[in-house]
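The figures that follow rest on heavy atoms only: side chains count, while hydrogens, waters and symmetry mates do not. Along the sequence shown, residues are numbered consecutively beginning with 1.
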Amino acid sequence: MNQIPLTLGEKIGFKKQPRGFSTRAIHAGQDPNQWKSHAVIPPIVTSTTFAQDGPNEHSGYQYSRYKNATRNSLEQCLAALDNAKYAVAFSAGVSTLTAILTTFESGDGVITSRGFYAGNFKILDAFSKLGVKVKYIDFTDSKNLKQALDDSTKMVWLESPMNPSMTVLDIQLLSEIVHKNSKAFLVVDNTFLTPYFQRPLELGADVVAYSISKFIGGHSDIIGGSISTNNKEFYDKISAYQIMIGVVNSPFDSYLINRSLKTLSVRMEKHFENSYAVAKFLESHEKIEKVNHPALESHKEFEVAKKQSYGHSGIFTFFIKNGTLEQSKTFLKALKVVICGESLGGVETLASYPWLMTHGYLKDEEKIKAGVTPNLIRISIGLEDVRDLIDDIENALKSI
Ligand SMILES: *Cc1c(COP(=O)(O)O)cnc(C)c1O
């Protein structure tokens, strides 16, 4: 066994990955014996309806919005990756929050932060109009959470690492505070790390949520989302609401996501290795002021990251030294291998400019409050040859 080389995470001191993840990613929910044909790969079942032996004498499948065999295989695999009992796959990452909020009543409280995925704010605004009480707090000081919790708090929704600051929150600590001081459930959006690098249920979270459109899908060609949990009551309710509001993914997408999961561990290791190399390169570059990458020793929460995660993915941010809006634009336009675009988590490296893109709709003061300045660049490192990426970035930096 000792010929097995250490992973990058193990070398840097992150949690040691227990065995079995890749095996589950390839086999969980995929048992060939569940199909008459013994297909090794789950078939794409496009049928919306299923023949019944007589009225209400069905095989468990009646109508594909309720239950679909391709989606079913996917949900079993997703649950296994978080060592969870249950998973529900959704049509988009944002549908996970929508489905949860649909189960709420007027007066129910949510605690979250402006430092998380900005697309969620609009959903929360819409539900605020229906009486859901939303509090935005700063989770970096855990006292704020303790103060914000009250009898009406139904859900605490957090994300770590945060975007774009890459601030790492101590999930175990926050989970203890939630559970000691309230009856609320804790949801962790784990999109940036995937179940390969972080499993929030192990740290005390009640629910883990994903945008599958990012690293899990991994090829920039699927929109999807999911949640995993061990709480049966939560699962029963959320799967009933998923079916009711119809936020299910198509059999084709379910198949593609299933296929993506089979290579998740291999892709994530490479995303990490490449992003670490690029981050180290940038950190030593004279035109770079600061690099926010949780696996760098210079990162403020490096110790927390190592304690709770198995490594880091391809996403990080950096600041160009004294960089102006014009210089940032020149840099992004000079990149030839790296593509300037929204989103993250694909095989291709994507650079984005939060000032004009993800946070462009905010006023300048609000952007600065959220840590978004004109010299901030966000990058999602893909699986290209890392030497080509470093050369490309080095050349683009020469142009400013
Ligand atoms: C993209 C993203 C979402 C939303 O997911 P969609 O699949 O676009 O609906 C939620 N959380 C995070 C952290 C994201 O990056």
Side-chain angles (χ1 to χ4, degrees), residues 15 82 84 93-94 96-98 100-101 103-125 127-128 131-193 197-211 227-231 233-234 238 292 294 299-309 359 366 369-372:
K15 277 207 301 193
D82 266 297
V94 290
T96 61
L97 177 62
T98 311
I100 293 173
L101 291 175
T103 68
F104 281 24
E105 289 172 19
S106 173
D108 285 345
V110 177
I111 299 175
T112 188
S113 162
R114 289 279 182 200
F116 302 154
Y117 180 68
N120 288 347
F121 308 154
K122 288 180 200 151
I123 303 174
L124 290 161
D125 282 351
F127 280 88
S128 298
V132 172
K133 296 189 299 181
V134 185
K135 285 184 197 165
Y136 292 98
I137 65 163
D138 173 3
F139 282 88
T140 56
D141 182 349
S142 61
K143 281 201 285 301
N144 295 334
L145 173 60
K146 204 168 168 187
Q147 271 165 17
L149 288 163
D150 62 34
D151 290 344
S152 71
T153 314
K154 189 118 186 238
M155 170 168 77
V156 176
W157 177 288
L158 59 86
E159 201 175 304
S160 177
M162 291 167 62
N163 178 24
S165 66
M166 293 292 131
T167 302
V168 176
L169 297 172
D170 188 329
I171 296 172
Q172 192 159 7
L173 173 77
L174 297 171
S175 150
E176 281 166 15
I177 293 172
V178 171
H179 295 128
K180 235 181 243 164
N181 297 284
S182 74
K183 291 201 181 69
F185 57 85
L186 172 65
V187 183
V188 175
D189 179 336
N190 198 30
T191 300
F192 278 15
L193 293 188
F197 279 139
Q198 180 165 274
R199 295 188 279 280
L201 302 182
E202 291 172 355
L203 304 167
D206 302 286
V207 180
V208 51
Y210 295 101
S211 166
I227 56 164
S228 298
T229 184
N230 286 315
N231 183 325
E233 204 185 321
F234 181 90
I238 210 69
N292 291 325
H299 192 269
K300 211 166 148 223
E301 294 92 20
F302 180 50
E303 294 303 322
V304 184
K306 285 192 297 182
K307 184 186 78 168
Q308 73 183 9
S309 314
H359 293 67
E366 292 172 326
K369 223 175 135 197
V372 174

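To the nearest 0.5 Å, atom CD of residue Glu202 and atom NZ of residue Lys15 are 5.0 Å apart. Here the OG1-CD1 distance, from Thr103 to Ile238, works out to 5.0 Å after rounding to the nearest 0.5 Å. To the nearest 0.5 angstrom, Leu149 atom CG is 4.0 Å from Ile111 atom CD1. Distance check, rounded to the nearest 0.5 Å: OG of Ser142 to CG of Leu174 gives 6.5 Å. In this structure, CG in Leu97 is found 11.0 Å from CD1 in Ile227, a value given to the nearest 0.5 Å. Note that the CG atom of Leu101 and the OG atom of Ser128 stand 9.0 Å from one another [nearest 0.5 Å].
Of the possible donor and acceptor atoms, one in the side chain of Asp206 sits under 3.5 Å from a partner among the backbone N and O of Leu186. Not one N or O on the side chain of Gln308 forms a donor-acceptor pair closer than 3.5 Å with the backbone of Pro200. Using a distance-only test at 3.5 Å, with no hydrogens or angles considered, no donor-acceptor pair links the side chain of His299 to the main chain of Ala305.
Applying the salt bridge (Lys or Arg N to Asp or Glu O under 4.0 Å) definition to pairs two or more places apart or across chains, those involving residues 133-142 are Lys135-Asp150, Asp141-Lys143. Sorted by first and then second residue, the salt bridge (Lys or Arg N to Asp or Glu O under 4.0 Å) pairs with a member in residues 176-185 form an empty list; sequence neighbours excluded. Listed by first and then second residue, the salt bridge (Lys or Arg N to Asp or Glu O under 4.0 Å) pairs that reach into residues 111-125 come to none, sequence neighbours excluded.
Shown here for Gly107 and Ser152, the closest heavy-atom pair between the two residues is O-CB, 3.6 Å. Here the closest heavy-atom approach between residue Ser182 and residue Val178 is recorded as OG-O, 2.8 Å. Of all heavy-atom pairs between Val187 and Met155, the closest is CG2-SD, 3.6 Å. Among all heavy-atom pairs drawn from Gly204 and His179, the shortest one is O-CE1, 3.1 Å.
By the side chain to side chain contact (heavy atoms under 4.5 Å, CB included) test, Lys146 is found to be paired with Ile177, Asn181, residues two or more places apart in sequence or in another chain being considered. Applying the side-chain hydrogen bond (donor to acceptor under 3.5 Å, both in side chains) rule to Ser160 yields no partners; only residues at least two apart in sequence or on another chain are considered. Residues passing the side chain to side chain contact (heavy atoms under 4.5 Å, CB included) test with Thr112 are Phe116, Leu124, Val134, Tyr136, Trp157, sequence neighbours excluded. Residues satisfying the salt bridge (charged side-chain N to carboxylate O under 4.0 Å, His left out) criterion with Asp170, sequence neighbours excluded, are Lys307. Checked against ring-ring contact (aromatic ring centres under 6.0 Å, His included), Phe104 has no partners two or more places apart in sequence or in another chain. For Phe192, the ring-ring contact (aromatic ring centres under 6.0 Å, His included) test picks out no residue, with sequence neighbours left out. Contacts of Asp189 classified as side-chain hydrogen bond (donor to acceptor under 3.5 Å, both in side chains), with partners at least two apart in sequence or in another chain: Thr191. Here Thr229 pairs with Tyr86, Val207, Asn231, Phe234, Tyr235 under the side chain to side chain contact (heavy atoms under 4.5 Å, CB included) rule; sequence neighbours left out. With sequence neighbours excluded, the residues forming a side chain to side chain contact (heavy atoms under 4.5 Å, CB included) with Glu366 are Leu362, Lys363, listed by chain and number.
Here the side chains of Ser113 and Leu158 are not in contact, with every heavy-atom distance at 4.5 Å or above. For the pair Thr167 and Glu301, the minimum side-chain heavy-atom distance is below 4.5 Å. Annotation: side chain of Ser175 is not in contact with side chain of Leu203 (no heavy-atom distance under 4.5 Å). Within the 4.5 Å cutoff, side-chain heavy atoms of Phe139 are placed close to those of Val156.
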Task: Full working for side-chain contact (heavy atoms from CB on, under 4.5 Å) between Thr140 and Leu169 - done: CA-CA 7 Å; Thr140 56; Leu169 297 172; 4.1 Å; yes

